[in-house]
Every structure is written in structure tokens, then in C-alpha cells.
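Notes follow the structure.
Counting starts at 1 for both ligands and their atoms, in listed order. Remember, it's a predicted structure, so these values are computed and weren't measured experimentally. Hydrogens, waters and symmetry mates play no part in the numbers below; they use all other heavy atoms, side chains included. Each residue takes its place number in the sequence, starting with 1.
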Amino acid sequence: MIRLFPQHDVRMQESLDGRWDFVPECERVDRGRLPGKYTRTILVPSAWESLPGLENYRGRAWLRTEVPAIEGTALRLVFGGVSHTGTVFIDGKKVGQHEDAFTPWDVVVPGLKTGIHEVVVEADNSFGDHSALHVENDYYSYGGITRPVELQHVPAVYIDRVHAVPRRERGKWQLDISVRLKNWSKKSLKRQVVVMLGESGADFGNVTVAAGAEKVLRGVIKGLNVDAWDNAAPNLYYLETMLFENGEIVDDLVERIGFREMSIRGKKILLNGEPLRLRGYNRHEDHPQFGNALPVEAMTADLEIMRDLGCNVVRTCHYPNDMRFLDLCDELGMYVWEESHARAIKFDHPAFDRQIEASTREMVDWHFNFPSIVIWGCLNECDSISRAGRAVHRKVLQMLRDCDNSRPVTFASNKGEQDACLDLVDIVSWNRYDAWYRGGPQNVEPAIKEALKWLHSKKNPARGKPVIMSEFGAGAIYGTRQRQQAKWTEEYQCDCLDESLRVYLKHPDISGAIIWQFCDCRVTLGWWGSRPRTMNNKGTVDEYRRPKLAYDVVKRRMHEAAAAE
Ligand code: ADA
């Protein structure tokens with residue numbers, strides 16, 4: 001399922017995960033819009049690169065299954081993620097399309113006769129004018145239905161989304177609630193709406209939703225006697241929203257929330273009023289067996305490794321992650337910096353404006369309630385120097401704030417003292433490789449001293465903000481061992497990470513140290529292909545999660561930092 005907990009007691013839903021018919025374009029024998037013949041089957045969710053013979057396949061493929069419809073309800077398909085452009089057909093008719101692999105999306109199709117209907121999904125992971133965000137890059141754009149799919153049968157008026165913002169008011173927790181209802185029918189309809197958290201709740205009374213429209217309700221649940229959520233005590237609560245028609249429940253949606261509040265005070269990031277010091281990793285959704293479609297067991301194993309290392313944060317570089325991974329972070333108390341999809345992309349691509357807006361808005365809309373997400377990010381290492389680039393940063397950062405004003409916003413910059421956008425963020429985030437791309441470990445301390453002096457100088461409009469080292473690290477090829485200072489050896493990576501963590505973890509003006517990166521990951525061809533093994537080899541573990549020498553160095557430094565807090 002899309003989430004790790006049941007979200008409906010009343011709404012009819014089932015998982016569509018399992019084997020679907022499958023044919024990649026390179027194996028098609030016919031030329032119609034949709035295949036007449038499927039050459040094999042594939043597991044959903046999965047990346048087609050995990051199929052022998054399709055390891056490097058970049059193009060289109062079609063996946064097919066059959067689903068039941070129930071007259072009087074609309075058929076709703078919810079996709080956790082289709083990589084990277086998905087188009088859905090029901091009984092041969094196009095009913096929806098979504099661009100970008102990393103945000104959930106849905107199609108709602110009313111009017112189907114009771115019985116079995118054909119669903120075909122065309123997935124396309126090719127590069128070109130149709131995708132601004134998926135380009136040749138220092139990570140791989142896989143192909144397929146790479147996250148879970150759910151089938152639901154929704155009534156005429158149904159609950160589309162519920163957002164909850166926990167706030168402390170005079171020592172008590174309250175929840176600011178918004179409920180978005182949709183009415184797919186041709187009639188204006190009235191429903192009673194109730195939201196409950198345990199014994200407390202908000203009754204919105206009878207609400208009318210116009211035909212074919214949506215309606216957003218806002219309310220507050222006050223005086224909640226609950227325990228806070230944080231890294232040490234990740235207390236979670238279920239928020240139930242119910243719709244009643246003439247006293248009978250007709251729809252429901254369960255969300256899971258945690259009571260924590262983010263704020264900034266001077267150079268500090270506060271969680272529930274206490275200064276937060278983040279230490280952890282950048283993690284791509286990448287695995288040699290599963291591509292970006294990691295099963296929950298593999299996600300859990302990654303988080304257990306990070307906990308063993310003493311981490312309390314993971315940055316979802318450079319895109320929104322699978323909601324099951326975010327559920328695990330909620331449950332384990334792992335803080336998350338989540339960012340909309342962008343890594344050093346060009347703003348003048350024809351599809352950029354609509355796709356960065358979709359990725360950003362959909363990320364916040366679908367991921368709003370995860371307490372583990374403590375920072376929203378965007379536009380990793382994009383143009384934050386030019387006037388045009390600044391306009392884009394201002395627009396996207398404002399978009400994040402418009403969608404959610406309860407979390408601090410940032411972008412990871414590699415532009416150093418040329419950056420012209422640091423005044424726009426709540427947190428200054430620096431990607432710096434002073435030990436790898438610019439000199440060696442001895443370069444780390446003097447370089448960050450210079451950078452912080454520049455940042456907090458009187459003339460700098462960004463002075464006085466918190467700072468996170470959002471990326472730093474060094475490459476090492478697993479098993480390459482030499483005593484002398486040679487790049488790509490595990491020993492050299494140890495020295496770089498040891499010195500970087502020594503400097504960053506204890507610096508009073510640095511609130512976070514996020515290592516690049518957790519595990520080695522696959523990259524695309526293009527110039528990235530020049531990377532050894534066509535991989536980004538800066539992992540502390542390799543792609544099979546085998547620890548490099550740096551593992552124990554990082555573990556010592558991070559546990560020391562945790563103990564010093
Ligand atoms: C950048 C980028 C990462 C990765 C890293 C590296 O900071 O944000 O995605 O490419 O450099 O390995 O050089």
C-alpha cells in the first residue's frame with residue numbers, strides 16, 4: 001500500500017501491487033497507441049532496470065492490469081510514483097497524466113459500469129523537451145511504476161486531503177486543521193464532517209459541496225493532552241476525518257501526525273523550543289537490485305544503519321521520497337529535510353516552470369502531515385547568482401511558504417560568496433567539498449571560517465541566519481586501500497570525513513552536518529559517465545551497503561556529538 005498504516009476503515013480500497021502485464025517499446029510488435037500484445041509481466045512497484053536485459057533501457061513501456069468498478073462510486077487510482085512520466089488509460093481511453101517520478105498523484109473516474117475494466121499505464125523515462133527535472137544527472141532516472149498503486153471506490157463527495165498543523169498555545173497542544181472535500185457528481189450535495197483525535201475533535205456540521213467542485217474547511221482542535229514528537233520520543237497519533245450522510249458514515253480518511261513545532265531563533269533552528277543540531281546523510285533512493293523502487297525492508301535497513309551511525313537527519317536529495325520511507329522516519333524519529341525535485345537544472349527548459357511548481361506543490365500537499373519533515377528544500381545547486389535565477393528562487397521559496405508556513409525553507413547552494421539568494425531563506429545551506437574538490441582535509445577549517453565571516457559580515461543581507469552544511473564528503477571505491485594520501489582510497493575518505501565532522505559538528509554557528517552521501521549510487525551516462533563505475537562513489541557504504549573504512553570514523557564522530565548535546 002501507499003502508506004505503512006491503514007488510511008480507511010469505511011472507504012473501499014485495495015492494493016494493485018503485484019504482477020502486471022508489461023511490454024517495453026523495444027519489444028513491441030504492433031504500432032497502436034496501446035499495445036495489443038504484452039511480451040512479459042513485471043512486478044509493481046519495481047524499476048524495469050531490475051529486469052535482466054533492461055538494465056539500461058531508457059524509453060517508454062506499458063503496464064497493464066484489470067480492476068473492478070462499482071456503479072454509484074468513482075474509481076480512484078492513487079500512484080505513489082511513476083517514473084518519470086505516467087499516462088493512464090482506462091478501457092483504452094486516456095484518463096490522466098503526471099510528470100515527474102517523485103510525487104504521488106491520482107485519477108478519479110466516475111461513471112464506469114459495475115464489472116472489470118482494463119487499466120494501462122504508459123511509463124516514460126526518456127530525456128528531452130518533455131522533462132525539465134529528469135535530465136542526465138549525478139543520479140539515475142529509473143523507469144516504471146516504481147512506488148505502490150492503490151485502487152479506491154470513492155462516493156460522490158469524498159475526503160481528498162486533510163492537513164494538520166500542531167501548535168503550542170499556553171502550554172497546551174492544538175491542531176489547526178484543513179479538510180479538502182471533492183464532489184465528482186453532477187449534483188450539489190450536503191455532508192456532515194467530523195474530525196477526531198482520540199476523544200477530542202471538531203464537528204464542522206453540515207457542509208454543502210457544489211457539483212464537480214471542491215471545498216476546503218478550516219477548524220481547530222484545542223486543549224489536546226498529548227505527548228510531543230521528537231527524535232528521542234517519536235509519539236504518533238491518528239487523526240480521523242469522517243463524512244456522514246443522514247447520520248451514516250459514507251467516507252473516511254486516517255492521517256498520522258506528531259506534535260512538534262519548528263521555529264528559528266537567531267542562528268538556531270528550534271524544535272519544540274529547543275535548539276536542534278542535525279547530523280546525518282544525503283540519501284538517494286537507489287539500490288543495485290531495486291533501482292529507486294526499494295522495498296520497505298531495504299528502506300528500514302538503511303535507516304537502521306543511519307541510527308547505528310548516530311544520525312538524526314536524512315536529506316531526501318534531490319526529490320520527494322516514497323511516503324513509506326517518510327512513515328519509517330516518523331516511526332523511528334529520524335528528522336527529514338525533504339526537497340522538491342531539482343539538481344543543478346536549467347531554468348530555461350520549456351517544461352521547467354510547470355514541473356518545478358508541480359513537484360513543489362505536490363510534495364507539500366501529499367507530505368504535509370509527516371512530523372519527521374522538519375525542513376522544506378528546493379533548487380539544489382541551481383542558478384542562485386543571476387537576477388533571473390534569484391527571481392526563480394524567490395518564487396519557489398515563496399511557493400513553499402504559501403503551501404506551508406509551519407516549516408523553515410532553504411535551498412542547498414554551491415555558489416559560495418557569489419550566492420545572491422541567501423537572504424531569501426530561513427536557513428543558509430552550503431554544499432562544500434573543501435576536502436575533495438578544493439584541496440584536502442586541511443582546507444576544511446580555514447575555508448568554513450572564511451565563509452562564516454563573509455556570511456555574518458555587516459554588509460551581508462543574509463547575516464545572522466542558521467547554517468547547515470548540507471553536503472560535504474569524498475569519494476572512495478569500496479575495497480581500495482592504500483596507506484598514502486591517494487584519492488579514491490577508503491583511507492583518504494576517512495581523513496576527509498573525520499576532519500569535516502570534527503570542524504562542523506561542534507561549530508557554534510553550524511546547526512547541521514549532512515554528509516554526501518549515505519551509499520554509492522548509480523549515475524546516468526553523459527559527462528557523469530566519467531565517474532568511476534558510472535557511480536557516485538562518495539557513500540560511507542557502497543551500493544550494497546557494505547561499510548567502507550569511514551563507517552567507524554563517522555560513527556565515532558556522530559556519537560561523540562550526540563553525547564555532547
Ligand atoms: C553536488 C550535488 C550532489 C552530488 C555532489 C558530488 O553537491 O548536489 O548531487 O553531485 O555534488 O558528488 O559532487
- [ ] Mind checking the CH2-OH spacing from W516 to Y281? Nearest 0.5 Å is all I need.
- [x]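 It is 13.0 Å, given to the nearest 0.5 Å.
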- [ ] Evaluate the ring planes of W48 and Y57, with Trp represented by its six-membered ring, and classify them as parallel (under 30°), tilted (30 to 60°) or perpendicular (over 60°).
- [x]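 Aromatic pair W48/Y57 classed tilted.
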TODO: Taking N282 for its side chain and T316 for its backbone only, find out whether a donor-acceptor pair lies under 3.5 Å.
DONE: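 Here the side-chain-to-backbone pair does not exist.
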Task: N292 backbone acceptor or donor facing D286 side chain under 3.5 Å - done: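 No: the side chain of D286 does not pair with the backbone of N292.
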Open item on the list: Heavy-atom count check: over 12 atoms from other residues, nucleotides or ligands less than 6.0 Å from K449 NZ?
Closed with: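 At most 12 heavy atoms, drawn from other residues, nucleotides or ligands, come within 6.0 Å of this atom.
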Task: Per-ligand residue contacts, ligand 1, heavy-atom threshold under 4.0 Å - done: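 Around ligand 1, where the cutoff is 4.0 Å for heavy atoms, the contacting residues are D138, H318, R343, N380, E381, N431, Y433, Y437, E471, W516, R531, N536, K538.
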Task: Contact check, side chains of K267 and K465, non-hydrogen atoms, under 4.5 Å - done: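 When only atoms from C-beta onward are counted, K465 and K267 do not touch, as no gap falls below 4.5 Å.
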